[in-house]
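In what follows, a structure is listed as structure tokens, so that the remarks can point back to it.
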Amino acid sequence: MHISIFDVLGPIMIGPSSSHTAGAARLAYIARQIVGCDFKRVDFYLHGSFAQTYKGHGTDRALVAGALGLKEDDERLPQAFILAEKKGLTYSFQPIELEGVHENTVKMIFHLEDGQKNTIIGSSLGGAQIIISEIDGFATEYRALSPTLLITQQDRQGVINKITSVLAALDINIGVMKVSRKNRGSIASCIIETDEQIPAEVGKILRSIPQVNSVIIINAL
Amino acid sequence: MYTDVQELLQRAIEENKPLSFVVLQSEMKLTEKTEEEVFAGLKQTFSIMEKSATNALEEPLNSVHSLITGVAHRQFLYSSQENSFLGPVLNLMMARALSSSETNAAMGLICAAPTAGASGIVPAVILTAAEHLGADQKKVLEGLLTASGIGAIITRNATVSGAEGGCQAECGVAAAMAAAAIVEMAGGRPQQCIEAASFALINVMGLICDPIAGLVQLPCAYRNASQSINAFLSADLALAGQVCPIPLDEVIDAMFKTGKMLPMQLRETALGGIAATPTGRKLAEEIYKK
């Protein structure tokens with residue numbers, strides 16, 4: 001393992017803590033993109049050290065900032081509550097005990113404009129590194145280190161092949177791929193991390209596959 | 001590419017170049033960036049460091065949950081006194097280290113080096129050394145390269161996490177990085193840069209992480225000040241020709257093992273050290289009432 005000098009001198013971030021502030025902002029920032037559409041309210045359930053020390057580390061402001069689309073080095077982060085009010089976003093913070101998760105974990109429930117909800121669970125691993133462990137009931141291990149496709153599809157033979165063929169035809173190399181499902185033959189989820197930015201047309205083509213339910217592209221990390 | 005100090009040093013000696021040259025070559029190979037791109041990144045990093053090291057000097061940064069509001073300004077005012085023990089230069093350096101810590105606590109922009117809690121040391125030391133030496137920007141950025149080369153080896157082979165290794169792994173490592181950097185900036189040989197880093201780590205071997213209320217404020221801010229001084233004195237020991245009998249790779253390993261031997265109460269949990277004193281606990285209670 002070789003380490004870049006910018007991993008030693010970095011991250012560049014709003015203080016005070018790379019795990020409790022920068023990591024928290026990144027978790028909500030990535031979750032917002034996973035949700036992929038407008039929402040009016042976010043409930044944050046804080047586990048472990050997040051629950052105990054969130055006020056002193058500004059974890060609350062960092063989470064709201066991320067939900068608003070601010071990154072961990074955005075100097076508006078401390079004013080996240082004021083920004084949220086201006087944009088009409090409401091939020092809440094509650095402690096929670098989650099089973100078998102990292103010490104710094106948050107469960108985020110996004111309330112969409114149309115009344116639907118998205119639930120995303122993620123952990124801050126230190127040094128502003130994060131992992132998303134659950135998306136709407138699907139277990140995953142998403143680190144958000146490279147451009148990503150989040151797909152839900154029907155759990156049928158050959159669907160994954162169709163999806164990967166689309167990427168191959170467009171010269172997009174798959175770095176990491178994770179498929180999971182709730183039950184055999186029901187809905188499955190597929191997370192594909194790529195080496196290159198993912199053009200919007202990939203989403204369009206994938207959505208035309210009958211067994212594909214939804215496609216979200218995350219390029220901004 | 002190098003995986004330990006011995007390899008880094010060997011390559012510098014073989015090519016008859018400073019450590020920063022080897023670090024630069026490795027970075028270009030690893031990230032496929034050009035020399036210009038690496039230096040552009042370093043320039044941006046240093047401008048953020050410079051800002052965090054200065055913006056709490058003139059006036060205190062107010063913050064609801066900060067226990068260290070005004071520490072940088074206080075030291076900055078004192079630094080102009082001629083009768084201080086350390087003199088104006090070193091007192092200004094401590095003020096700068098405190099400034100980054102205060103900025104961090106007040107939710108300002110900082111560059112973790114290697115961590116947010118230790119983010120005051122490398123900027124304060126390099127900035128102060130550059131003024132003292134009359135070093136140009138190129139020299140400063142080369143200093144940063146050397147500092148991060150040492151930091152990368154320690155991240156790879158040991159730890160820079162207070163939760164894993166105590167304060168020695170955060171502020172101690174920052175002091176070692178900074179010491180190596182300024183020895184190179186002063187024209188020291190690669191071997192002397194390594195000696196300086198060894199002295200800095202040896203001087204803090206076993207230092208615990210005991211943050212009041214679990215927050216990156218106290219004693220962190222004052223440790224940023226004291227470890228900046230550690231970097232300067234370690235650099236002077238090396239430049240005077242003192243030889244550390246233990247190779248830096250072994251010192252790093254010793255630091256790592258010592259960290260693992262520390263009970264969890266002394267590793268960032270706020271259950272030991274000054275965090276667990278009656279006054280430390282009272283301060284924690286007050287801060288979470290706000």
Side-chain angles (χ1 to χ4, degrees), chain A residues 1-26 46 48-65 70-82 93 95 102-104 124-129 195, chain B residues 1-3 23-24 26-27 29-31 38 41-42 44-46 48-49 52 63-66 100-101 103-117 119 122 144-145 147-156 160-161 163-164 177 213-217 220 270 284 287-288 290:
Chain A
M1 179 189 61
H2 292 278
I3 294 160
S4 164
I5 57 168
F6 296 106
D7 289 330
V8 180
L9 301 178
I12 290 168
M13 53 169 268
I14 299 298
S17 162
S18 66
S19 55
H20 288 67
T21 320
R26 270 188 69 67
L46 307 170
S49 174
F50 266 11
Q52 281 151 29
T53 65
Y54 77 95
K55 275 189 183 170
H57 282 122
T59 309
D60 46 3
R61 281 180 273 179
L63 286 168
V64 170
L70 306 190
K71 297 192 72 167
E72 69 274 14
D73 62 350
D74 194 311
E75 295 199 71
R76 294 171 295 172
L77 188 151
Q79 284 84 47
F81 293 162
I82 298 164
F93 302 97
H102 186 276
E103 181 74 356
N104 297 324
S124 176
L125 307 175
Q129 300 287 312
D195 295 338
Chain B
M1 305 272 195
Y2 47 88
T3 57
V23 177
L24 173 66
S26 296
E27 180 68 14
K29 201 172 158 193
L30 176 69
T31 60
V38 174
L42 286 168
Q44 196 216 347
T45 298
F46 193 69
I48 286 157
M49 288 183 160
S52 72
S63 172
V64 188
H65 295 104
S66 178
S100 292
S101 294
T103 300
N104 187 50
M107 297 188 82
L109 191 65
I110 57 103
C111 176
T115 64
S119 63
V122 171
L144 276 186
L145 276 168
S148 47
I150 300 293
I153 291 169
I154 301 176
T155 305
R156 184 183 189 280
V160 297
S161 151
E164 220 181 332
M177 289 164 60
L215 301 179
V216 194
Q217 298 184 9
C220 321
I287 206 160
Y288 283 114
K290 286 182 189 172

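Letters A, B, ... are given to chains in the order of the sequence lines, protein chains preceding strands, and every chain is numbered from 1.
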For B:A116 and A:P16, work out which heavy atoms get closest and say how close.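 Minimum heavy-atom separation between B:A116 and A:P16: CB-O, 3.5 Å.
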If you compare all heavy atoms of B:M107 against all heavy atoms of A:P78, which two are closest, and at what distance to 0.1 Å?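 Taking every non-hydrogen atom into account, O-CG, 3.2 Å.
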Measure the shortest side-chain to side-chain distance between [X] and [Y] over non-hydrogen atoms and say whether it is less than 4.5 angstrom.
X: A:K55; Y: B:I287; value: no
X: A:L9; Y: B:M49; value: yes
X: A:M13; Y: B:I110; value: yes

Heavy-atom cut-off 4.5 Å, strictly under: side chain, backbone, both or neither for [X] against chain A?
X: B:I153; result: neither
X: B:T31; result: side chain
X: B:V160; result: neither
X: B:L144; result: both
X: B:A152; result: both

Side chain / backbone / both / neither for [X] at chain B, heavy atoms under 4.5 Å:
X: A:Q52; answer: backbone
X: A:L77; answer: side chain
X: A:T21; answer: side chain

For the pair A:H57 (side chain) and B:G214 (backbone), establish whether a donor and an acceptor sit closer than 3.5 Å, ignoring hydrogens and angles. yes
To the closest 0.5 Å, what do you measure between [atom1] ([X]) and [atom2] ([Y])?
X: A:I3; Y: B:T3; atom1: CD1; atom2: OG1; result: 11.0 Å
X: B:E27; Y: A:H2; atom1: CD; atom2: NE2; result: 12.0 Å
X: A:I5; Y: B:I150; atom1: CD1; atom2: CD1; result: 13.0 Å
X: A:D73; Y: B:C111; atom1: CG; atom2: SG; result: 11.0 Å

Can you confirm whether A:I82 is buried at CD1, in the sense that more than 12 heavy atoms of other residues, nucleotides or ligands lie under 6.0 Å from that atom? no
Would you mind telling me which of B:V216, B:T45, B:L109 has the largest number of heavy-atom pairs within less than 4.5 Å of chain A? B:L109
Pair count under 4.5 Å, heavy atoms only, with chain B: among A:S4, A:S18, A:A128, A:G127, highest is A:S4
